[in-house]
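Contents: one structure, followed by commentary.
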Amino acid sequence: MRKLNYIKVFIFLSVVTVVTLGLYYAAADWLDQRYFRFLIWNLFLGWIPFVFSYVAYGFSHVKWKGATWFVVASGLLWLLFFPNSSYIVTDLVHLTARSSRYYGGGNGLDYKYWYDLIVVLMFVWTGLLLGFLSMYQLQEVIHHKLGRWFSWIFVLGGCALGSYGVLLGRVYRLNSWDALTNRETLVELMHESVSRPSLAFCMFFGTFILTVYATLYYLINTHRRKAELGSSEADLQGLR
């Protein structure tokens, strides 16, 4: 598993976030509307899992007995907020909710739709990057401590619980902090969510985020495999 420079990753994600916000404010100014301003808050929530994974990653390299507890605590908090990063995908529904705005005047699809679509997709892309790079960061920690198989069990569990978190957020309108401040309502709605449609949604959405993550993982580690193959070929040529 290829190790990343997470200071550079942080800088990269910060730049992408700035570009996303820049496109939002530019479109909002041109179209004179602030309808999608709630995406800024959703993107802020998408940053939280990366912060916790960064903390866990930092403590995993500290030679102190108590550091393990901080890693576990940060990992659990990461799991609590991880669904926020992929929840932004469901915000695409607002384009459908505003469809009447895009089909006025009998001239087909209005140009405003494309501005709104690009803005929403940028927030979705940035949110997914934040979530999956934070997952990769924690997988790297687990891979180093427990091995490859446990790291992928973590990924599968994270995607499963992440999709369930999206369900609770989008359908039942729960927030991550409800697990700490509103446990009775959380437990009640969790019981209510146990149904075949909910299971189907979690399987469908979980497959989606797992596939996207696996794609990102493959792209990150392909370069490493090529480098290893190149060095192996060079060693063989040296032996000849």
Side-chain angles (χ1 to χ4, degrees), residues 6 9-25 27-28 34-58 70 72-95 97 116-139 154-155 157-183 185-186 189-190 193 198 201-202 205-206 208-210 212-213 216:
Y6 289 104
V9 169
F10 172 79
I11 294 172
F12 169 75
L13 290 173
S14 298
V15 171
V16 174
T17 299
V18 170
V19 172
T20 299
L21 294 175
L23 286 176
Y24 162 75
Y25 283 112
R34 298 288 191 276
Y35 177 81
F36 290 106
R37 61 182 177 274
F38 63 88
L39 290 174
I40 298 175
W41 172 251
N42 288 349
L43 186 59
F44 168 76
L45 294 177
W47 264 95
I48 295 178
F50 184 82
V51 171
F52 283 126
S53 68
Y54 197 91
V55 171
Y57 183 84
F70 282 94
V72 173
S74 300
L76 291 174
L77 289 171
W78 171 88
L79 184 61
L80 185 62
F81 285 92
F82 172 66
N84 290 296
S85 60
S86 51
Y87 174 87
I88 305 180
V89 173
T90 65
D91 285 324
L92 288 166
V93 71
H94 292 280
L95 294 172
D116 288 348
L117 175 64
I118 291 171
V119 167
V120 176
L121 286 178
M122 278 299 298
F123 276 95
V124 170
W125 175 242
T126 307
L128 289 176
L129 281 177
L130 286 164
F132 292 144
L133 285 171
S134 71
M135 177 178 276
Y136 187 92
Q137 198 170 27
L138 285 179
Q139 185 184 10
F154 158 76
V155 170
C159 290
L161 294 175
S163 63
Y164 183 61
V166 172
L167 172 75
L168 293 177
R170 174 53 68 186
V171 178
Y172 296 95
R173 310 308 298 163
L174 290 172
N175 297 305
S176 296
W177 49 86
D178 284 323
L180 304 174
T181 62
N182 198 6
R183 296 178 185 176
T185 302
L186 174 63
L189 291 177
M190 286 179 68
S193 70
S198 296
F201 174 87
C202 290
F205 199 86
F208 163 72
I209 59 178
L210 177 61
V212 176
Y213 178 78
L216 178 67

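Source: prediction; values computed, not measured. FYI, the numbering just counts along the sequence from 1.
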Exercise for the section: Measure across Asn42 and Ile88 and return the closest heavy-atom pair with its distance rounded to 0.1 Å. Expected result: O-CD1, 3.8 Å

Exercise for the section: Check step by step if side chain to side chain contact (heavy atoms under 4.5 Å, CB included) holds for Phe70 and Val55. Expected result: CA-CA 8 Å; Phe70 282 94; Val55 171; 5.9 Å; no

Exercise for the section: Would you please name every residue forming a side chain to side chain contact (heavy atoms under 4.5 Å, CB included) with Leu161, sequence neighbours left out? Expected result: Leu79

Practice task
Check whether any side-chain heavy atom of Phe154 sits under 4.5 Å from a side-chain heavy atom of Leu138, and report yes or no.
Solution key: yes

Exercise for the section: Go through the steps for Phe208 and Phe205 under the test ring pair (Phe, Tyr, Trp, His ring centres under 6.0 Å), then give the verdict. Expected result: CA-CA 5 Å; Phe208 163 72; Phe205 199 86; 5.7 Å; yes

Exercise for the section: Please name the pair of heavy atoms, one in Asp91 and one in Leu39, separated by the smallest distance, quoted to 0.1 Å. Expected result: OD2-CD2, 3.3 Å

Exercise for the section: Please work out which of the three classes, parallel, tilted or perpendicular, describes the rings of Trp47 and Phe10, given edges at 30° and 60°. Expected result: perpendicular

Problem - Student check: side-chain heavy atoms of Ser53 and Phe82 closer than 4.5 Å - result: no

Practice task
For the pair Asn84 and Ser176, evaluate side chain to side chain contact (heavy atoms under 4.5 Å, CB included) and give the outcome as yes or no after the intermediate values.
Solution key: CA-CA 8 Å; Asn84 290 296; Ser176 296; 2.9 Å; yes

Exercise for the section: Inspect the surroundings of CH2 in Trp125 and state if more than 12 heavy atoms from other residues, nucleotides or ligands are less than 6.0 Å away. Expected result: no

Practice task
For the pair Tyr35 and Phe38, name the ring-plane relationship: parallel under 30°, tilted 30 to 60°, perpendicular over 60°.
Solution key: perpendicular

Practice task
Please tell me if the side chains of Val212 and Leu216 come closer than 4.5 Å, counting only heavy atoms from C-beta onward.
Solution key: no

Practice task
Carefully, step by step, assess Tyr136 and Tyr6 under the rule side chain to side chain contact (heavy atoms under 4.5 Å, CB included).
Solution key: CA-CA 11 Å; Tyr136 187 92; Tyr6 289 104; 3.3 Å; yes

Handout entry: Heavy-atom closest contact (Phe12 atom, Leu129 atom, distance)
Key = CE2-CD1, 4.2 Å

Handout entry: Reported CG-to-CG distance for the pair Leu167 and Leu174, which is rounded to 0.5 angstrom
Key = 9.5 Å

Exercise for the section: Hey, could you give me the CG/CE distance between Leu43 and Met122, rounded to the nearest 0.5 Å? Expected result: 9.5 Å

Exercise for the section: Given side chain to side chain contact (heavy atoms under 4.5 Å, CB included), test Val18 with Val15 step by step and report yes or no. Expected result: CA-CA 5 Å; Val18 170; Val15 171; 5.7 Å; no

Practice task
Find out whether Leu128 and Ser86 are in side-chain contact, i.e. whether some heavy atom of one side chain is under 4.5 Å from a heavy atom of the other.
Solution key: yes

Exercise for the section: To the nearest 0.5 Å, tell me how far Thr20 OG1 sits from Ile118 CD1. Expected result: 12.0 Å

Problem - Heavy-atom side-chain proximity of Tyr172 to Ser198 below 4.5 angstrom - result: yes

Handout entry: Distance, nearest 0.5 Å, that separates CG of Leu77 from CG of Leu180
Key = 7.5 Å

Problem - Side chain Thr126, main chain Phe123, donor-acceptor under 3.5 Å - result: no

Handout entry: Heavy-atom check, side chain of Tyr25 versus side chain of Arg37, under 4.5 Å
Key = no

Problem - Check: Leu130 main-chain N/O paired with Ser85 side-chain donor or acceptor under 3.5 Å - result: no

Fill in the blank from the handout: Value for OG (Ser163) from CG (Leu168), rounded to nearest 0.5 Å, stands at 9.5 Å

Handout entry: Student check: side-chain heavy atoms of Gln137 and Phe50 closer than 4.5 Å
Key = yes

Handout entry: Non-hydrogen side-chain atoms of Val166 and Phe201 separated by less than 4.5 Å
Key = yes

Exercise for the section: Measure from the side-chain N and O atoms of Arg34 to the backbone N and O of Ala28, and report whether any donor-acceptor pair falls under 3.5 Å. Expected result: yes

Exercise for the section: Any chance you could measure Tyr57, atom OH, to Ser134, atom OG, to the nearest 0.5 Å? Expected result: 14.0 Å

